[in-house]
Engineer: 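The structure is given below, and queries will be raised subsequently.
Numbering starts at 1 and runs along the sequence shown.
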Amino acid sequence: MKHILNYFSSVCFLVAFTLVQAQEKSTVKTNFETKTLEQTEDSIPVKKDRYGLRLGIDLFKFSRGFYDKNYKGIELTGDFRWNKKYFLAAELGNENKTTEDDRLTSTSKGSYLKVGFDYNLYENWLDMENIISIGLRYGFSTFSQELNGYKIYNPHPYWGELPLIPANQEFNGLSASWIEVVTGMKAKMFNNVFVGFSVQLKTLVTNKKPDGFDNLYIPGFNRTYNGNFGIGFNYTVSYFLPLYKKKVISK
């Protein structure tokens, strides 16, 4: 009986020792795997998107004054990245445009502001920051119109056309507002420098006209020959000022 008890005690001790050893090995293995996983996760860089302010200038309006004697203008552009896809956007400009028609010559000059947003349709990969966007703007312009001269219509020009009659009549305190749909793109060239272009389709909302005359050209809207609809274009170069970063959340 004594031998049986001793044998049973030895077996129990051996089993207990084996279980303890196995538990220690399992714990060491688990700790090692956890540490290895943490190291692996730490070694993978976290992708972050940059957020900030982009400021630029419209080269189309800026350069037009060099080859078009009837035009002077400048437009400054800016956008701020609100989230992954949306950008708050604005354009501020000033234009001086002389319109020479068959029957009259007029000059429109004034300033305008457009505010709205852009939605980026392009899915960037790696560290690309390119934009293919569609957006919406509300534009407002204050300006003046000057009737420089006009011709009286002659249905029987036997002696030729009548000369231009100087008018020098100015109309101040004019204004107009419109809504425009904007589509365009911006591409990162190097460092924080971007180039891009956009096309705008516009429709007038309000148009304060002078008495006995019309607004042939509205700064920021363009010419009004097609009624309440207009088309615009710009070609920009801009610089991005990074302010902060956000972690990219994988879906």
Side-chain angles (χ1 to χ4, degrees), residues 53-80 87-101 104-118 133 135-149 167-184 186 194-239 241:
L53 182 65
R54 188 179 1 246
L55 300 174
I57 185 172
D58 180 6
L59 295 180
F60 175 69
K61 287 185 176 63
F62 179 75
S63 62
R64 184 178 173 183
F66 293 103
Y67 61 84
D68 186 351
K69 64 182 179 62
N70 291 328
Y71 181 87
K72 292 181 181 179
I74 188 171
E75 179 179 281
L76 304 178
T77 66
D79 65 68
F80 178 79
F87 294 77
L88 301 179
E91 291 87 30
L92 175 66
N94 182 275
E95 288 186 298
N96 185 324
K97 173 70 168 66
T98 298
T99 301
E100 294 182 343
D101 206 341
L104 58 84
T105 301
S106 65
T107 300
S108 174
K109 50 186 175 183
S111 301
Y112 63 91
L113 173 66
K114 299 188 291 183
V115 293
F117 69 90
D118 290 326
S133 63
L136 193 67
R137 301 283 192 279
Y138 175 80
F140 181 79
S141 177
T142 59
F143 56 98
S144 65
Q145 289 272 14
E146 183 176 357
L147 178 58
N148 301 319
N168 298 323
Q169 187 176 3
E170 188 170 1
F171 306 92
N172 296 306
L174 305 177
S175 64
S177 63
W178 64 93
I179 293 176
E180 62 183 52
V181 177
V182 185
T183 180
K186 292 184 179 74
F194 290 76
V195 295
F197 70 89
S198 72
V199 177
Q200 308 111 29
L201 302 178
K202 317 180 184 198
T203 179
L204 278 173
V205 176
T206 63
N207 184 12
K208 183 180 178 181
K209 302 179 181 180
D211 295 333
F213 194 47
D214 199 357
N215 294 324
L216 301 180
Y217 190 95
I218 298 175
F221 180 84
N222 215 329
R223 64 183 189 177
T224 59
Y225 295 179
N226 298 321
N228 291 335
F229 296 95
I231 298 176
F233 173 84
N234 69 7
Y235 179 79
T236 61
V237 58
S238 55
Y239 187 83
L241 301 171

Engineer: Would you say the side chain of N215 lies within less than 4.5 Å of the side chain of P210, judging by non-hydrogen atoms?
Structural biologist: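 A side-chain contact exists here, since the closest heavy-atom pair is under 4.5 Å.
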Engineer: Among all residues two or more places apart in sequence or in another chain, which pass the side chain to side chain contact (heavy atoms under 4.5 Å, CB included) test with V237?
Structural biologist: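 With neighbours one apart ignored, the set is I57, L59, V193, V195.
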Engineer: Taking side chain to side chain contact (heavy atoms under 4.5 Å, CB included) as the test, write out the residues that go with N222, two or more places apart.
Structural biologist: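 In terms of side chain to side chain contact (heavy atoms under 4.5 Å, CB included), with neighbours along the sequence ignored, N222 is linked to Y217.
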Engineer: For F80, what residues pass the ring-ring contact (aromatic ring centres under 6.0 Å, His included) criterion, not counting sequence neighbours?
Structural biologist: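 Partners of F80 under the ring-ring contact (aromatic ring centres under 6.0 Å, His included) test: none.
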Engineer: When rounded to the nearest 0.5 angstrom, what distance separates CZ in F171 from OG in S108?
Structural biologist: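 Interatomic distance, F171 CZ to S108 OG, rounded to 0.5 Å: 12.5 Å.
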Engineer: If you count heavy atoms of other groups shown closer than 6.0 angstrom to CZ of F213, is the number above 12?
Structural biologist: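 More than 12 within 6.0 Å, yes.
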Engineer: What heavy-atom pair brings R54 and S238 nearest, and what distance separates the two atoms?
Structural biologist: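 For R54 and S238, the tightest heavy-atom pair comes out as CD-OG, 3.2 Å.
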Engineer: Any idea which heavy atoms bring A176 and F143 closest together, and the distance?
Structural biologist: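 Looking at all heavy atoms of both residues, the closest pair is N-CE2, 3.9 Å.
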Engineer: Drop me the distance from L204's CG to S177's OG, to the nearest 0.5 angstrom.
Structural biologist: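 The distance works out to 7.5 Å.
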Engineer: Hey, could you give me the CD1/CG distance between I74 and L92, rounded to the nearest 0.5 Å?
Structural biologist: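 Rounded to the nearest 0.5 Å, the CD1-CG separation comes to 9.5 Å.
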Engineer: Within a 6.0 Å radius of atom OH on Y138, are there more than 12 heavy atoms belonging to other residues, nucleotides or ligands?
Structural biologist: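 Yes, OH of Y138 has more than 12 neighbouring heavy atoms, counting only those of other groups under 6.0 Å.
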Engineer: Quick one: does K109's side chain get under 4.5 Å of P219's, heavy atoms only?
Structural biologist: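 No; the side chains remain at least 4.5 Å from each other.
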Engineer: Looking at N234 and K61, would you say the former's side chain and the latter's main chain have a donor-acceptor pair under 3.5 Å?
Structural biologist: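 No, the answer is negative, given that no donor and acceptor are paired below the 3.5 Å cut-off.
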Engineer: Taking only residues two or more places apart in sequence or in another chain, which ones pass side-chain hydrogen bond (donor to acceptor under 3.5 Å, both in side chains) with R137?
Structural biologist: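 In terms of side-chain hydrogen bond (donor to acceptor under 3.5 Å, both in side chains), with neighbours along the sequence ignored, R137 is linked to E91, D118.
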Engineer: Look at the side chain of S198 and the backbone N and O of V182, then say whether any donor-acceptor pair between them is shorter than 3.5 Å.
Structural biologist: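 Side chain of S198 to backbone of V182, a donor-acceptor pair under 3.5 Å: no, none is there.
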Engineer: Rounded to the nearest 0.5 Å, what separates atom CZ in R223 from atom CD1 in I218?
Structural biologist: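 Rounded to the nearest 0.5 Å, the CZ-CD1 separation comes out at 13.5 Å.
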Engineer: Using distance alone, with no hydrogens and no angle criterion, decide if N94 and S111 have a side-chain donor and acceptor under 3.5 Å apart.
Structural biologist: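 Side-chain D/A pair, N94 to S111: present.
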Engineer: When you check the side-chain N and O atoms of T99 and S106, is any donor under 3.5 Å from an acceptor?
Structural biologist: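 T99 vs S106: no donor-acceptor pair found between side chains.
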Engineer: State, to 0.1 Å, how close L174 and Q145 come at their nearest heavy-atom pair, and which atoms those are.
Structural biologist: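 Answer, listing the atom of L174 first, then Q145: CD1-CG, 3.5 Å.
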Engineer: Could you walk me through whether L55 and L76 pass the side-chain contact (heavy atoms from CB on, under 4.5 Å) check?
Structural biologist: CA-CA 7 Å; L55 300 174; L76 304 178; over 6 Å; no
Engineer: Determine yes or no for a side-chain-to-main-chain donor-acceptor pair under 3.5 angstrom, with D214 supplying the side chain and L216 the backbone.
Structural biologist: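 Checked: no pair found.
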Engineer: Between E75 and T77, do the side chains contain an N or O donor and an N or O acceptor separated by less than 3.5 Å?
Structural biologist: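 Judged by distance alone, the side chains do not pair up.
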Engineer: Where is the tightest heavy-atom contact between D79 and F87, given as atom of each residue plus distance?
Structural biologist: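 Scanning both residues, the minimum pair turns out to be OD1-CD2, 3.7 Å.
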Engineer: In this structure, are over 12 heavy atoms from other groups packed under 6.0 Å from Y71 atom OH?
Structural biologist: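 Atom OH in Y71 is packed in, count exceeds 12.
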Engineer: Roughly how far, to the nearest 0.5 Å, is NZ of K72 from CZ of F66?
Structural biologist: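 The CZ atom of F66 sits 11.0 Å away from the NZ atom of K72.
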Engineer: Would T98 and T107 count as having a side-chain donor-acceptor pair, cut-off 3.5 Å?
Structural biologist: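 The answer is yes; a qualifying pair exists.
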Engineer: Sequence neighbours left out, what pairs pass salt bridge (charged side-chain N to carboxylate O under 4.0 Å, His left out) with at least one residue falling in residues 173-183?
Structural biologist: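 Applying salt bridge (charged side-chain N to carboxylate O under 4.0 Å, His left out) to every pair that reaches into residues 173-183, excluding sequence neighbours, yields K114-E180, E180-K202.
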Engineer: Nearest 0.5 Å, please: how far is CD1 in I231 from CG in L201?
Structural biologist: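 One gets 6.0 Å once the value is rounded to the nearest 0.5 Å.
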Engineer: Partners of F140 by ring-ring contact (aromatic ring centres under 6.0 Å, His included), sequence neighbours excluded?
Structural biologist: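 For F140 there are no ring-ring contact (aromatic ring centres under 6.0 Å, His included) partners, ignoring immediate neighbours.
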